[in-house]
Peer 1: 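Got a structure for you, written out below as structure tokens; questions coming shortly.
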Amino acid sequence: MHIESKLPHVGTTIFSVMSALATEHGAINLGQGFPDYPMSPELIELVAKAMQDGNNQYAPMPGYRPLLEKIAEKLYGCYGTTVDPLSEITITPGGTYALFSAISSVIHPGDEVIVFEPAYDCYIPTIELNGGVPVRIKLQHPDYTIDWAAVKQAVNPRTRMILINSPHNPTGSVLSREDITQLQDLVADTNILIVSDEVYEHLIFGGKEHQSILRYPDLFARSFVSFSFGKVYHCTGWKLGYCIAPAAFTKEFRKVHQFNCFSCFTPAQVALSTFLDQTKPYLELGRFLEKKQQYFEALMRSTPLKPLPTYGSYFQLFSYAGYSSETEAELAVQLTKEAGVAAIPASAFYTDATDHQVLRFCFAKKEETLEAAAEKLITYFRKHS
């Protein structure tokens, strides 16, 4: 029986492909973005207590009210933004789900959505599933900044949405205050919506400040903003996040949400409603990850791979230009099989597989993991020099 695919050009994600290859060859996985160090024992205990206390049934569709209220307090403390916990916050099973539901709730067939590449791989398939038309604009290599002149040229009466991501996956670039000014000028007096992927909000370093859309009332008034508990508390497997949007937008978002997952894992919501009282875990997260990034970069100096600047996220791009003429995909596979270290080819984040000879490595790992990976790479490159 024939089924006509709604995503005929989409295969298995590069994360699954490279992780499977790493498992097959016993390689250290610096490809997929997940920590291998432990999460907070206290938060684990709070989840266990929530279950023991009987919090094991459906949470309300928007989320557990005490957690919604604590999130609103956190957002005010971080960004000076007052958000209504009941009408403007929705708990979701992860940040990707929040992005999917936001796009699905407002994009109609023929609507154009501006997307910056390299892009996290869920963006364009989600747009296309909803009949939208992705308008791809490439970030400027090697610093991966936005060419705002190109954005202005792309805007037309069919433009319905601009999708931004900062700190950026896969490049680690971050939006500046000037970027925000350009965005404000661009969307003023238009009906253009914004989806802002901010799952790495606290994983920012290099003296940078996270320019959350929530800091800017004129932008928030037209935005859906996606966040992730998994990235903040080292528990990516929990798949728990939230979406912030104005009340009218949230109403549409929840129409999609209620017929998809409806509600999220209750014990974790109850636990987080208590754990969010502690500000230290997220306020010190940037420095924690920056130390890992600096340590890994130092370890990699003995390889021919050259680091590109990163200011946030779990990731850093390394260039091998001048070392090899292989494609990114070829070298990534070769390093996994022969060096025993898995990375992600940055070309996988472009629709047209743009190849700048860079690989993405995840440094959100234990020191011993980073040391072992670097040693394997050093040994490999010495052998092949």
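The structure displayed is predicted, hence computed values, not measured ones. Computed over heavy atoms, backbone and side chain alike; hydrogens, waters and symmetry mates excluded.
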Peer 1: Indicate whether the side chain of Tyr64 and that of Asn55 have a donor and an acceptor atom separated by less than 3.5 Å.
Peer 2: no

Peer 1: Looking at NZ of Lys366 and CG of Asp36, how far apart are the two atoms once the value is rounded to the nearest 0.5 Å?
Peer 2: 5.0 Å

Peer 1: Give a yes or no on whether the backbone of Gly132 and the side-chain of Asn130 come within a donor-acceptor separation of less than 3.5 Å.
Peer 2: no

Peer 1: Tell me whether the rings of Phe288 and His234 are parallel (<30°), tilted (30 to 60°) or perpendicular (>60°).
Peer 2: tilted

Peer 1: Kindly assign one of parallel, tilted or perpendicular to the pair Phe15 and Tyr120, based on the angle between their ring planes and the thresholds 30° and 60°.
Peer 2: tilted

Peer 1: Give, for atom SG of Cys243 and atom CD of Glu88, the distance between the pair rounded to the nearest 0.5 Å.
Peer 2: 11.0 Å

Peer 1: Answer with yes or no whether the side chains of Asp179 and Gln211 bring together a donor and an acceptor at under 3.5 Å.
Peer 2: no

Peer 1: Can you tell me how far the NZ atom of Lys231 sits from the OG1 atom of Thr236, to the nearest 0.5 Å?
Peer 2: 6.5 Å

Peer 1: Using ring centroids (six-membered ring only for Trp), state whether His210 and Tyr200 fall under 6.0 Å.
Peer 2: no

Peer 1: For Glu198, does its backbone N or O pair with a side-chain atom of Glu201 as donor and acceptor, under 3.5 Å?
Peer 2: no

Peer 1: Kindly compute the distance separating CG (Leu186) from NZ (Lys152), expressed to the nearest 0.5 Å.
Peer 2: 7.0 Å

Peer 1: Are the aromatic ring centres of Phe318 and Phe296 under 6.0 angstrom apart?
Peer 2: yes

Peer 1: Is there a donor-acceptor contact under 3.5 Å linking the side chains of Asn169 and Ser313?
Peer 2: no

Peer 1: May I ask you to establish whether Lys365 and Phe34 are in a cation-pi arrangement, using a distance under 6.0 Å from NZ or CZ to the six-membered ring centre and at most 45° from the ring axis?
Peer 2: yes

Peer 1: Is the closest side-chain donor-acceptor distance between Tyr216 and Ser223 under 3.5 Å?
Peer 2: no

Peer 1: Measuring from atom NZ of Lys208 to atom OG of Ser176, what distance do you get when rounded to the nearest 0.5 angstrom?
Peer 2: 7.5 Å

